[in-house]
2 protein chains.
Amino acid sequence: MKLINAKSGSANANTISDALSQAIHEHRLAPGTKLGEDELSDIYGVSRTIVRTALQSLAHHQIVEIKRNRGAFVAQPSLAEAHEVFEARELLEPRTARTAALHATPDDIVLLQDHITQEHAAMNAGDRGRALYLSGRFHIEIARIANQQTIADIINVLIARSSLIIALYWRRESALCESQAHHALIKAINDNDGTRAEELMQSHLVDLHSALNLSELPAVEQDLKSMLLGDSGR
Amino acid sequence: MKLINAKSGSANANTISDALSQAIHEHRLAPGTKLGEDELSDIYGVSRTIVRTALQSLAHHQIVEIKRNRGAFVAQPSLAEAHEVFEARELLEPRTARTAALHATPDDIVLLQDHITQEHAAMNAGDRGRALYLSGRFHIEIARIANQQTIADIINVLIARSSLIIALYWRRESALCESQAHHALIKAINDNDGTRAEELMQSHLVDLHSALNLSELPAVEQDLKSMLLGDSGR
DNA sequence: GCGCACAATATTGTATACAATGTGTTTGGG
DNA sequence: CCCAAACACATTGTATACAATATTGTGCGC
């Protein structure tokens, strides 16, 4: 496992959980990956106490699963969870986008456009993981603009889980071109057109949701089992 | 501080956080109360390690605030947070109630009616705290019936925070008679009337939200300060 | 050679010891 | 008598030692 920000000697629980969270979000850590405590405490130069705090924090966000006496693993959301996450986002985000459109200041617009620019740059640089991370941040930014910190926190968690869901269930056929939808959203927000912003966000989320593969995929830990059971060629 | 379930010797982090959570929900622990680690580890007969895990869990749910080098305190949501929490609930719960109405089985109805009965019993017994706790569980139960575990988890957190908000900002004039609204909701759900369930939940939440005191209350910890500054009489 | 039981190892769970920080008290000076 | 600085105390933060559990490896019997 290779992680950035692995400075030795001066990391606290937040920096570790943030680093892991970002790594997961950018698909540098795949679902099912074991996150050993000793391993992480070596990497970050802190005791297991701190590492455990960080892992518990990630577990609360449901992007890490802690199995008793087995350790921490990057979560593998089930297909049911995947649908639930997007359904929750569809309840929260459209109305929040409406509010954001009514509250947005010129500075906010600049910030959002900056996001898009970076997103585009990452995409052109071939760094799909970073583009995905940035597109998630875009959604959180909208909740912040709506002056709804509580909803922003909830969306933050849902987006982290969405990243795992995309890693597991994304259909390769459908291209992940979020920047177009985001661009349209910025325009609606800039025009203070709440209704349009709400509609755009709604359809954007429906698009994402419908681009998921409907068939249940085998979990990484289950891969071995299913392969040994003979269906390796499928 | 006096807490139930204080068995010595066999508690894990979950039992402690659940006990504290319930105590907070039932208003046996007031906002601002200091939750000392040694104190809790004595009460539950475990080391501070376990207590800290429990407190961190509650902090993630935002019903406990951990101040670095100062300790853990029962959270004191600001008025802005209070509004945000109810706005989030208004986005999530009505639509979820609709789904529940369409999914509910006869067993579910029985379970909900059971809830109401207990709620009523607690109210008659003068145990307002327990009635409040049960009424919260009622809302979570609806999300469960809607087959939306993710949303149920979110609502669970929001309701815990709502309990703190009620403790801080409730107007005494307005009676807290939720069982009527809940009764009407059960009827709509029993009739599989999704639209009506959604409407009822919406108005129920608006009622709760509008029953908050609009003026910011002084935080408990600030009481001392403001008294020492001379405005003791206000 | 195969399967099961047992032992060795590695990893996590818990408790405790020590360090760091904040709080309250006491004492000295004005 | 009041204020301030320094000290003592209490509490939290972190690291480490030990215990419990799961996993892996080995050897014995069949």
Side-chain angles (χ1 to χ4, degrees), chain A residues 1 3 6-20 29 32-60 64-75 219-225 228-229, chain B residues 1 3 6-20 29 32-60 63-75 219-230:
Chain A
M1 174 167 36
L3 294 168
K7 291 188 295 184
S8 60
S10 68
N12 63 17
N14 280 331
T15 63
I16 295 177
S17 60
D18 285 352
L20 288 175
L29 286 176
T33 305
K34 172 76 181 282
L35 301 171
E37 297 181 358
D38 278 328
E39 186 179 13
L40 291 171
S41 55
D42 280 352
I43 291 174
Y44 290 101
V46 295
S47 75
R48 279 176 48 220
T49 308
I50 311 293
V51 171
R52 284 175 72 85
T53 302
L55 290 174
Q56 282 161 9
S57 171
L58 295 172
H60 279 292
V64 156
E65 186 183 358
I66 294 177
K67 303 179 184 177
R68 184 172 177 91
N69 288 320
R70 298 263 331 270
F73 303 81
V74 178
V220 170
E221 283 218 320
Q222 292 168 350
D223 264 337
L224 195 59
K225 286 184 195 167
L228 293 175
L229 288 175
Chain B
M1 177 168 35
L3 294 169
K7 291 190 295 186
S8 61
S10 68
N12 62 17
N14 280 331
T15 63
I16 295 176
S17 60
D18 285 352
L20 288 175
L29 286 176
T33 305
K34 171 78 182 284
L35 301 172
E37 297 181 358
D38 278 327
E39 186 179 14
L40 290 171
S41 54
D42 281 351
I43 291 175
Y44 290 102
V46 293
S47 75
R48 278 176 50 217
T49 307
I50 311 294
V51 171
R52 282 175 72 85
T53 302
L55 290 175
Q56 281 160 11
S57 171
L58 295 172
H60 279 292
I63 61 178
V64 157
E65 185 183 358
I66 295 177
K67 303 179 183 177
R68 185 173 175 90
N69 288 319
R70 298 264 329 270
F73 303 81
V74 178
V220 171
E221 279 220 321
Q222 291 170 350
D223 265 337
L224 195 60
K225 285 184 196 168
S226 55
M227 288 175 78
L228 293 176
L229 288 175

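All chains are named by letter (A, B, ...) in the order of the sequence lines, taking the proteins before the strands, and each is independently numbered beginning at 1. Being a predicted model, the structure only gives us computed values, none of them experimental.
- Partners of A/Glu37 according to the side-chain hydrogen bond (donor to acceptor under 3.5 Å, both in side chains) rule, which considers only residues two or more places apart in sequence or in another chain, are A/Arg48, A/Arg52.
- Looking at every heavy atom in both residues, B/Leu55 comes nearest to B/Ile66 through O-CD1, 4.0 Å.
- In terms of heavy atoms, A/Val46 sits closest to A/Ala11 at CG1-O, 3.2 Å.
- Residues passing the side-chain contact (heavy atoms from CB on, under 4.5 Å) test with A/Thr49, sequence neighbours excluded: A/Ser47.
- When side chains are defined from C-beta on, A/Leu29 counts as touching A/Leu35, because their heavy atoms get closer than 4.5 Å.
- The distance from atom NZ of A/Lys67 to atom P of C/dT12 is 13 Å, rounded to the nearest whole Å.
- Using a 4.0 Å cutoff to heavy atoms of chain B, the contacted part of DNA chain D runs 5' to 3' from D/dT11 to D/dT14.
- Nearest heavy atoms, A/Thr53 versus A/Ala13: CG2-CB, 3.7 Å.
- Residue-to-nucleotide proximity on DNA chain D shows that, of B/Ala72 and A/Ser47, the 5′-proximal contact is made by B/Ala72.
- Scored by the side-chain hydrogen bond (donor to acceptor under 3.5 Å, both in side chains) test, A/Gln56 finds no partners at all (sequence neighbours excluded).
- With sequence neighbours excluded, the residues satisfying side-chain contact (heavy atoms from CB on, under 4.5 Å) with B/Asn14 are B/Asn12, B/Ser17.
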Pull out every protein N or O sitting under 3.5 Å from an N or O of nucleotides 22-25 of chain C, one pair per line with the distance.
from	atom 1	to	atom 2	distance (Å)
C/dT23	OP1	B/Arg70	NE	3.1

